[in-house]
Structures are given as C-alpha cells and as structure tokens.
Student: 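Below are the structure tokens for one structure; questions will follow.
The model shown is predicted, which means the values in this text are computed figures rather than measured ones.
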Number of protein chains: 2
Amino acid sequence: MKVYKIPEATVMRLSIYSRFLHQLLEDEVNTVASGDIASGVGVSSAQVRKDLAYFGEFGTRGVGYKVEELYGHLMKILGLDQNWNVIIIGAGKLGSALALYKGFEDRGFKVTSILDVDNKRIMKQIGDVTVESLDLLEERVREQGIKIGVVTVPAAAAQDVTDQLVAAGVKAILNFSPRVIKVPNDVILRNVDLSVNLEVLSFNLALQK
Amino acid sequence: MKVYKIPEATVMRLSIYSRFLHQLLEDEVNTVASGDIASGVGVSSAQVRKDLAYFGEFGTRGVGYKVEELYGHLMKILGLDQNWNVIIIGAGKLGSALALYKGFEDRGFKVTSILDVDNKRIMKQIGDVTVESLDLLEERVREQGIKIGVVTVPAAAAQDVTDQLVAAGVKAILNFSPRVIKVPNDVILRNVDLSVNLEVLSFNLALQK
DNA sequence: CCACTAAAGTGAAACTTTTCTCGATTATTT
DNA sequence: AAATAATCGAGAAAAGTTTCACTTTAGTGG
C-alpha cells in the first residue's frame with residue numbers, strides 16, 4: 001500500500017470520522033460498519049472505506065470495525081497520539097477566543113504562548129497563559145518545542161509575523177488573517193478565511209434567487 | 001456558457017481574487033493580467049482564467065483585465081453587491097469574536113442579532129448589538145430579513161439550534177461547532193471546523209517525521 | 001460442516017478539476 | 001503598414017477524486 005499522496009479531503013474526513021468514533025466510544029458501541037460511519041457524518045460508505053484503505057486494513061469483512069481499535073488507528077494517523085504545543089500570534093478577540101477554545105485541548109493541542117505587539121494586550125491573562133511581547137517569539141518556540149503557529153493578526157502584519165514564525169523554526173501555520181501569505185516549501189500552511197466562508201454562502205444565496 | 005455547477009473551490013478563489021483586486025484598486029492599478037492575479041494569490045494563470053470563464057468574458061486579449069471592472073463583476077457574482085444581515089447563535093468567546101470581526105463588515109455582512117440561552121450572557125453588549133434570548137430567534141430573523149445564520153454553540157446544542165434557524169427561515173448556515181449537522185436540501189451549509197484544520201497540520205507534521 | 005448473509009477491500013469506471021497548448025485578438029514598435 | 005509581443009479564451013489532455021460493482025472473508029444458523 002502506497003502512502004504517497006493522501007488527498008487533503010481524506011485527511012479532513014478522517015478527523016471527522018475520529019470524532020464520530022469518539023462519540024460511539026462514549027455510547028459504549030463496540031463495532032461499527034462503514035455504512036454507520038457514513039450516515040453518521042454524511043458521506044458514502046465507499047468513501048469511508050477508500051479513505052481508510054490509504055492506511056491499511058482495519059476492519060473485518062462481514063463484521064465491520066472495532067470502534068476502539070479504529071479510533072486508535074485514526075488518532076495515530078492524525079498525529080494525535082502526542083500533544084502539540086501551539087503558539088498564537090495576535091491576542092485580539094479572535095486569538096483570545098482560539099486560545100480558550102476547548103476543542104483544541106480535547107484533541108491534544110495546548111496553547112502555551114500568546115504573543116502580541118500591542119502593549120495594552122501584553123500581560124493580559126488568557127486562560128492560564130499570559131500575553132507576552134512578540135520579541136519573545138524565538139525564545140518561546142525553542143523552549144516549548146513549538147511546531148505549530150496560529151496567526152490571528154491584521155492582514156497587514158500577517159506576512160511579517162509568518163516570516164518570524166518560520167525563522168523561529170515553526171513548521172506548520174494556521175492563518176486566520178484574510179491575506180494570502182507565502183511560506184517556504186517545507187512549512188505547512190493552512191488558511192481559515194472567515195470572510196471567504198461567508199462569501200461562499202452569499203454566492204450560493206445570490207445564485208438561487 | 002453554462003453556469004450549471006460551479007466548483008466550490010472556484011468560488012473560494014473568486015473571493016480571494018476580489019480581495020486582491022481591492023488591494024490593486026487602492027494602489028490605483030488600472031489593468032491586471034491573469035498572471036499577475038495568479039502570482040498575487042498563489043495559483044496558476046490558467047486557473048484564474050478558467051475560474052473567470054465560468055461567468056463570462058471579462059478581459060481583453062493581449063491586454064488583461066480592467067481592475068475596477070473585474071472587481072465589480074466579482075463582487076456581483078459573489079452576491080456582495082448587497083448587504084447581508086447575519087445572526088449569530090452563541091455569544092461565547094468565538095461568537096463574540098466573530099461579531100466584532102472587521103472582515104465581515106468590510107465585505108457587506110452585518111451582524112444584527114446575537115442570541116444565547118445563557119442568562120449570564122443575555123443583555124451583554126457586543127459592539128453595538130445586545131445579546132438577546134434564543135427565544136427571539138424567529139422574530140429577529142423575520143424583522144431583520146436574515147438569510148444567514150452563524151452557529152457558535154457547543155457541539156451538543158448545534159443540531160437543535162440549526163433546526164431552529166431553519167424553522168425560522170434562514171437559508172444559509174455557517175457552522176463553527178465541531179459536530180456534523182444536517183439541514184434540508186434547500187439550506188446551504190458550510191462548516192468551519194477549527195480542530196479539523198489543526199489536525200490536518202498535525203497529520204502532515206506527523207507524516208514528515 | 002455447509003449454505004447464507006453482511007460487510008470490508010479493491011480495481012475499474014465515471015466524474016471533476018486542473019493544467020496544457022494554441023489560436024485569436026489587441027496594442028506597440030519599427 | 002507590417003511585424004512583434006502580450007495575453008485572453010477555449011478545447012484537449014492530464015491528473016485527481018469519488019462512485020460503482022464485484023470479490024473475498026468472517027460469522028451465523030440450520
């Protein structure tokens with residue numbers, strides 16, 4: 001089985017499957033068929049099986065998958081069998097909300113640093129992290145072994161902050177700013193553009209009128 | 001030219017192109033080639049032309065596109081030649097951050113209602129909107145002509161809140177809760193799953209190790 | 001222990017999206 | 001006025017993704 005290139009859509013679905021399995025675990029369900037997962041998350045059963053097939057054979061023909069076992073596999077595949085320290089740059093409303101977002105902690109992401117340039121925000125307490133100066137970026141990344149950075153600064157500052165994260169050795173960046181930013185090839189970038197998402201809705205609404 | 005089915009990826013890129021064009025407008029650039037847009041937002045020039053081709057012929061061969069004109073077309077296509085009133089359900093950190101998010105206002109999305117079930121949040125002031133009881137959902141949707149709802153409630157409440165939005169006549173939903181929710185066919189749904197995004201990063205980091 | 005049923009796994013087909021290539025058109029230069 | 005350069009638009013090709021249909025295997029009931 002070749003694991004050359006996994007479609008990003010597959011990875012996103014795996015993440016969703018894993019959360020669905022977690023629900024099943026809590027309900028003490030032991031086995032689950034691809035069709036159950038499929039109807040639970042709104043895809044086809046063939047899709048579920050194809051997605052899993054990239055990584056191995058986890059099921060038993062005629063029976064299905066053991067929930068706990070498959071869940072373990074998925075968490076491992078997603079790299080969630082470990083904890084990740086995360087740094088957030090930008091302590092505005094969005095950065096603060098993300099820092100306090102329970103969904104991250106539940107999945108093994110721990111926000112260990114929040115930095116900002118604005119003196120009014122520095123020293124502010126967010127959860128159990130204190131906002132610090134952006135000058136400490138490199139130091140915090142190094143001492144906390146941070147691989148993942150989250151950018152929640154205004155568009156104008158996004159590229160600059162990203163460059164600093166890259167220079168400090170961060171390997172993956174989640175960008176919430178509404179600006180296209182560039183990173184070297186060996187750094188993984190994902191954009192969560194809140195406006196784009198609303199605009200896709202707007203487009204579809206305008207279309208059906 | 002058939003406008004039967006536009007890929008969602010195309011719509012998302014149009015949104016990004018339009019913001020890039022807005023920058024050019026501010027810099028008083030008059031014309032732009034598909035290649036300029038392409039390198040500005042990190043796609044291929046053929047991709048830009050194909051995306052635009054779904055909607056018409058906006059350029060001049062040998063020359064390029066008039067920035068202002070193309071910008072106007074894109075805004076129209078995206079349904080941003082009008083303002084949209086938006087209701088947010090869930091006045092927690094994330095809901096509050098979104099309500100105050102400047103990027104929405106800039107693009108014609110106005111948050112006119114924020115509702116919650118929690119009495120501790122009701123009456124709170126967020127920007128110039130006061131948090132109100134979820135009981136007012138139908139009333140506010142009706143009187144404010146709301147088509148777009150944003151769900152920022154905990155996973156357990158997401159489906160229930162969504163059903164209420166649908167019942168009230170909302171036609172498009174942006175779901176931030178980490179739960180797969182179901183809507184009728186005629187309602188447009190988009191999910192912004194913050195954890196999924198981090199997990200895609202985690203997957204790729206784990207892969208390259 | 002054999003027939004039957006359920007469901008995973010898989011190769012091929014269908015479909016979708018992106019990239020390539022090239023003819024057409026416009027502006028510019030000589 | 002003709003040659004040249006730039007760049008769009010579109011059909012074809014390529015690549016990628018999803019769905020289909022079938023084969024295989026494990027468990028179950030007679």
Side-chain angles (χ1 to χ4, degrees), chain A residues 1-17 20-21 24 29-74 77 196 200 203-204, chain B residues 1-17 20-21 24 29-71 73-74 77 200 203-204:
Chain A
M1 168 206 31
K2 287 249 206 64
V3 188
Y4 254 125
K5 178 74 199 327
I6 312 295
E8 193 165 277
T10 290
V11 180
M12 295 175 74
R13 284 191 298 265
L14 292 181
S15 166
I16 291 166
Y17 301 161
F20 180 71
L21 291 175
L24 295 185
V29 177
N30 288 315
T31 51
V32 66
S34 59
D36 302 336
I37 300 175
S39 58
V41 309
V43 300
S44 74
S45 64
Q47 180 85 82
V48 172
R49 294 197 301 276
K50 259 282 139 72
D51 285 338
L52 297 177
Y54 282 106
F55 302 95
E57 304 188 4
F58 304 122
T60 308
R61 295 175 184 204
V63 181
Y65 304 89
K66 286 189 188 167
V67 175
E68 194 170 350
E69 197 182 297
L70 183 56
Y71 178 72
H73 281 299
L74 290 184
I77 290 166
V196 164
V200 173
F203 168 84
N204 284 292
Chain B
M1 168 204 34
K2 284 248 208 66
V3 188
Y4 214 46
K5 178 76 198 327
I6 312 293
E8 193 165 277
T10 289
V11 180
M12 295 175 75
R13 284 191 297 266
L14 291 182
S15 165
I16 291 165
Y17 301 161
F20 180 72
L21 291 175
L24 294 184
V29 177
N30 289 314
T31 51
V32 65
S34 59
D36 302 336
I37 300 175
S39 57
V41 309
V43 300
S44 74
S45 64
Q47 180 84 80
V48 172
R49 295 198 299 276
K50 259 283 137 70
D51 286 338
L52 297 177
Y54 283 106
F55 302 95
E57 303 187 6
F58 304 122
T60 310
R61 296 176 180 199
V63 182
Y65 304 88
K66 288 189 187 167
V67 176
E68 194 169 350
E69 198 182 298
L70 183 55
Y71 177 73
H73 281 299
L74 289 184
I77 290 166
V200 174
F203 169 83
N204 285 291

Student: Checking side-chain contact (heavy atoms from CB on, under 4.5 Å) between A:Leu52 and each of A:Leu74, A:Thr10, A:Ile77, which is the one that passes?
Tutor: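 Exactly one pass, corresponding to A:Leu74.
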Student: What nucleotide, of C:dT18, C:dT19, D:dT7, holds the atom closest to the side chain of B:Ala33?
Tutor: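 So the side chain of B:Ala33 is nearest to D:dT7.
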Student: In whole Å, what is the span from the CD1 atom of B:Ile6 to the P atom of C:dT16?
Tutor: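 Those two atoms, CD1 and P, are 13 Å apart.
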Student: Is B:Tyr65 close enough to D:dA6 that one of its side-chain N or O atoms is under 4.0 Å from OP1 or OP2 there?
Tutor: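 Answer is no, no contact under 4.0 Å.
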Student: Please state how far atom CG in B:Leu14 lies from atom C1' in C:dT17, giving the value in whole angstrom units.
Tutor: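 In whole Å, C:dT17 C1' lies 14 Å from B:Leu14 CG.
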Student: Can you tell me the distance, in whole Å, between the NE2 atom of A:His73 and the P atom of C:dA8?
Tutor: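 For the pair A:His73 NE2 and C:dA8 P, the rounded distance is 15 Å.
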Student: Does a side-chain heavy-atom distance below 4.5 Å link A:Ile37 with A:Leu70?
Tutor: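 Yes, side chains in contact.
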Student: Is there a donor-acceptor contact under 3.5 Å from the side chain of A:Asp51 to the main chain of A:Val48?
Tutor: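 The answer is no, because no donor-acceptor pair under 3.5 Å joins these two groups.
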Student: Write down the distance between CD (B:Glu57) and P (D:dT7), rounded to a whole number of angstrom.
Tutor: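 Those two atoms, CD and P, are 18 Å apart.
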Student: Reckon B:Thr60 has a side-chain N or O less than 4.0 Å from the OP1 or OP2 of C:dT26?
Tutor: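 No, no such contact exists.
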Student: What pairs of residues pass the salt bridge (charged side-chain N to carboxylate O under 4.0 Å, His left out) test when at least one of them lies in residues 60-72 of chain A, not counting sequence neighbours?
Tutor: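 Applying salt bridge (charged side-chain N to carboxylate O under 4.0 Å, His left out) to every pair that reaches into residues 60-72 of chain A, excluding sequence neighbours, yields nothing.
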Student: Taking for each residue the nucleotide of DNA chain D with the nearest heavy atom, is it A:Val63 or A:Lys50 whose nucleotide lies nearer the 5' end?
Tutor: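 Closer to the 5' end of DNA chain D: A:Lys50.
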Student: To the nearest angstrom, how far is A:Glu8 atom CD from C:dT18 atom P?
Tutor: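 Whole-Å distance recorded here is 13 Å.
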Student: Closer to the 5' end of DNA chain C via nearest nucleotide, is it A:Gly62 or A:Phe58?
Tutor: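 Nearest nucleotide further toward 5': that of A:Gly62.
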Student: With a 4.0 Å cutoff (strictly under), does any side-chain N or O of A:Gln47 reach OP1 or OP2 of D:dT19?
Tutor: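 The answer is yes; a side-chain N or O of A:Gln47 sits under 4.0 Å from OP1 or OP2.
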Student: Whole angstroms only, please: what is the CZ-C1' distance between B:Arg61 and D:dC8?
Tutor: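 For the pair B:Arg61 CZ and D:dC8 C1', the rounded distance is 5 Å.
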Student: Does C:dT17 have OP1 or OP2 under 4.0 Å away from a side-chain N or O of B:Arg13?
Tutor: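 No, because none of the side-chain N or O atoms of B:Arg13 sits under 4.0 Å from OP1 or OP2 of C:dT17.
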Student: To the nearest Å, how far apart are A:Leu70 CG and C:dA7 C1'?
Tutor: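 These atoms are roughly 14 Å apart.
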Student: Taking all atoms of both residues into account, what is the closest heavy-atom pair of A:Ala38 and A:Ser44, and its distance?
Tutor: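 Closest approach of A:Ala38 to A:Ser44: CB-C, 3.6 Å.
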Student: Tell whether A:Arg49 reaches the base of C:dG9 with its side chain through a donor-acceptor pair below 3.5 angstrom.
Tutor: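 Check passes, donor-acceptor contact within cut-off.
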Student: Check whether any side-chain N or O of B:Ser44 sits under 4.0 Å from OP1 or OP2 of C:dT19, and answer yes or no.
Tutor: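 B:Ser44 to C:dT19 OP1/OP2: side-chain N or O found under 4.0 Å.
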Student: What is the distance, to the nearest angstrom, from the NZ atom on B:Lys66 to the C1' atom on C:dT26?
Tutor: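 B:Lys66 atom NZ is separated from C:dT26 atom C1' by 13 Å.
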